Each structure stands twice: as C-alpha cells, then as structure tokens.
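Here is the structure we will look at.
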Amino acid sequence: MFDPRDLDVPVVAAPMAGGPTTPALVSAASGAGGLGQLAAGYLTPEKLASDIAAVRAAGTELFGVNIFVPETDPVDRAAVARYRERLLGYAAALDVNLPAVDELGDDDDHFDAKIALMCDERIPVVSFAFGCPPAPAVAELHRHGCSVGVTVTGVDDAVLAAEAGADWLCVQGPDAGGHRSVFDRRAIPPSQPLDDLLRAVRGRLDLPLVAAGGISTRDRADHVRASGATAVQVGTVLLRTHEAGTKPAHADALADPARTETVVTLAFSGRPARALRNRFTDEFGEAAVAEYPAVNKLTGGLRRATADDPDGINLWAGTGYRDAVTEPAADTIGRLG
C-alpha cells in the first residue's frame, strides 16, 4: 500500500478541480518520481472513469484520486437568496440568467458512486478534501488496497481523520491557493502557520504528513520537509506548466505584475478559497455566503460567461504564485524535490 515516505521525489501534485489538473499533468508528476492526483470534484463518475483510463493508458501505475466529502449541514436557502439578489445586476449585464434558489439544493457530488469506482478500479491512492470521510468508506477502500489520505487544516480535524482510518494526512496551511479544506464550511479558516501546524499535528499523531500551502521553491520545500513533513504538496506552482488545463486568463494573471494581492473569499463557491484579488472578489466578497455547493452552482454561469476575463473568474492562487512558470511539469516537480 502507498506510503508517501516511499516516493522517489517527495512532491505531490495537488488535485485541482475544475480543469487545471489533467490526466497528462497527473502522469507527468508521477513520471517525475512524485505523485499525481486526479481531481474528482465536479466530475460525473463516467468522466472520472475516463480520466483514470487516460492516466493508465499513459503507463502510469502510481497515482491518486481526490474526492470531495459531501456537506453535512443543509444549504441555508435564505442566505443564498440574499446573495443571488446581490448578483442580479452583474448577471444581467452579462446576459446570464441565474438559477433559481430552488435549483441550488444540496449535492453529494456522486460520493458513493465515486467510492465504488475507486474500489472497482483499485486506485492506489485516494485522498479527500472538505471533510472527514466516513469510517465505513475508508474501511471499504482499505479492503480494495487503496491508501487513504485526508486534507486537514487543524489538529482537531487531523485527529478525526486518524480515527476514521486515514493512512496519511495532507496538512494544509493558510498560504494555500484554492479551497481551504476546512471540515466546517462556515468556520473561519485557521491562520496557524504551516510550520507550527505541522509540529502540532506531529505532536498528536504518528502518521506520514504531506505539507501544503504556499510551497513554491526548493528552499521552502526543504525547510518544510525538515520540519516533519514526509513530502510537500504543490498546486499553484503547477498552474502554468505545459500539461495543466488552466484557463489562459488565469495562467496569464499569475504572471501579471499588476496582480499583487491574494484574498480568501467565499464569492465564487461558498467555501473559503484563496485567489488573486480581482473585480469579482472586490464587488461580491463581502456579500458572499458560506453555502457550498449552492453558491458554486449559482456563480457557474457567470464564470463561464467571463472565461476570458481575469476580473470575472476565480483566479485560485497560493501566496507563492509568482514562482509559477511556463515549463514541463516534470521540471517543476524536479526543482522542488
């Protein structure tokens, strides 16, 4: 069974849902001696199965799949309605019809079907974000030879994940780009620095730890690994690589000298996520509500309508975004390993 301590190159490619992570990126990361992970979030089981087949067709044997844990608290429809009202003028200017609140209910992202697919395909590594997977699901994955990892942002969540049977943890610090993997979407994301968080988790648990959050240089990766992490997980630094499926407007914004600030926002998805500051975060960040996945569905048409406009899309980025360069992903993995 997979153990991150056995990686030839102690670098894990973050599973970036919504397009940036492609089968080619996964194969490139694993082929470089690290670990690539498909992002199952937002995909149908059929599309996910197709991506798995593409990775295996490339000859990649060791790879992972990341799955979103469904929300346990129901959507607050009144809160979503208020945010929808705030977006109406913007949507009208784009000629976008926002979905009705009644169309924005709870959604488990095909969780059970994806667990069954992992077992049927005997995926070597299965990781989770947005919550702690149920212990029975972890046990079922173990029965099929899958190594299970859970992304955590605090010690209490790390303990819950260990109790559920996790084999390893991805410990995510506050500098991470994209979604913070808080178990409670309405909680303020922890601000404890990654180094301190690693020490705190290491003091409570004897599990392999993969550190994530703003890691974009070899010096930083070496420091984090020396602080108790078995490996590092990187995402933002891969967004401009040749194999990534990042929208051109997003990739270009990472190198735009006028983009000087990242913010943690609920505006696009209803879960806290770090992005480059843009017009959308400025206009709607304060009004946004912590109601994932309803907000993610609500803003989907707006993001599609502005796919080429960096001021209208979610420019996910960790604090090390300036180190993302255009090169083969294998070179990026090698630089950090």
Side-chain angles (χ1 to χ4, degrees), residues 1-2 12-70 107-131 133 137-138 140-151 170 178-179 181 233-235 238-251 269 292-293 296-297 300-301 303-304 307 313-314 316 328-330 332-333:
M1 185 177 289
F2 168 79
V12 176
M16 297 176 285
T21 290
T22 63
L25 180 58
V26 171
S27 293
S30 291
L35 177 73
Q37 298 182 88
L38 288 170
Y42 316 131
L43 300 185
T44 64
E46 294 76 18
K47 171 57 175 167
L48 177 57
S50 175
D51 284 354
I52 291 169
V55 170
R56 285 184 162 151
T60 306
E61 297 181 0
L62 177 62
F63 65 98
V65 174
N66 180 264
I67 297 173
F68 291 165
V69 176
D107 180 359
D108 70 357
D109 200 34
H110 310 284
F111 183 78
D112 290 342
K114 289 175 180 177
I115 295 296
L117 180 63
M118 299 302 97
C119 295
D120 291 345
E121 294 283 349
R122 294 186 176 272
I123 301 300
V125 185
V126 180
S127 63
F128 293 90
F130 294 2
V138 175
E140 184 67 10
L141 291 166
H142 283 159
R143 281 193 289 272
H144 289 81
C146 309
S147 173
V148 176
V150 178
T151 306
C170 177
H179 287 104
S181 191
Q233 179 172 288
V234 298
L238 293 168
L239 285 172
R240 300 182 67 215
T241 60
H242 297 166
E243 296 85 354
T246 313
K247 292 182 180 70
H250 185 179
S269 73
Y292 177 90
N296 192 60
K297 296 177 183 178
R303 287 177 280 125
R304 288 188 291 273
I313 59 175
N314 46 296
W316 298 149
T332 306
I333 298 295

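Model, not experiment: these values are computed from the prediction.
The shortest side-chain heavy-atom distance between I52 and L117 falls under the 4.5 Å cut-off. Between F130 and D109, the closest side-chain pair of non-hydrogen atoms is not below 4.5 Å. Put simply, the side chain of P328 does not reach to within 4.5 Å of the side chain of T241, judged on heavy atoms. Counting heavy atoms from C-beta outward, Q233 and P15 have side chains that approach closer than 4.5 Å. Residues L48 and H110 are not in side-chain contact: their nearest non-hydrogen atoms beyond the backbone lie 4.5 Å or more apart. Between M118 and E140 there is no side-chain heavy-atom pair separated by less than 4.5 Å.
A search for side-chain hydrogen bond (donor to acceptor under 3.5 Å, both in side chains) contacts involving R304 returns nothing, not counting sequence neighbours. For S127, the side-chain hydrogen bond (donor to acceptor under 3.5 Å, both in side chains) criterion is met by Q37, N66, not counting sequence neighbours.
In this structure, the side chain of K247 does not engage the main chain of G19 through any donor-acceptor pair within 3.5 Å. For K114 (side chain) and A40 (main-chain N/O), a donor-acceptor pair under 3.5 Å exists by modelled atom type. Between the side chain of T246 and the backbone N or O of R240, no donor-acceptor pair lies under 3.5 Å.
For N296 against R303, the heavy-atom pair with the smallest separation is O-NH2, 2.6 Å. A329 and L25 make their closest contact through CB-CD1, 3.5 Å (heavy atoms, listed as atom of the first residue, atom of the second, distance). The two atoms that bring P20 and L239 nearest to each other are CB-CD2, 3.6 Å, heavy atoms only. Across all non-hydrogen atoms, the minimal contact from V150 to P133 is CG2-CD, 3.7 Å. The shortest heavy-atom contact between A307 and A249 is O-CB, 3.8 Å. Scanning both residues, T60 and S30, for their nearest heavy atoms gives CG2-CB, 3.7 Å.
Rounded to the nearest 0.5 angstrom, I115 CD1 and I67 CD1 are separated by 4.0 Å. A distance of 10.5 Å separates SG of C119 from NE2 of H142, quoted to the nearest 0.5 Å.
Checked options L238, D51, V26; the residue passing with T21 is V26 (criterion: side chain to side chain contact (heavy atoms under 4.5 Å, CB included)).
Ring orientation note: the planes of F68 and Y292 are nearly perpendicular, at an angle over 60° on the 30°/60° scale.
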Pair D107-K297, side chain to side chain contact (heavy atoms under 4.5 Å, CB included): steps then yes or no: CA-CA 10 Å; D107 180 359; K297 296 177 183 178; 3.3 Å; yes
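With ring centers used as reference points, W316 lies under 6.0 Å from H179.
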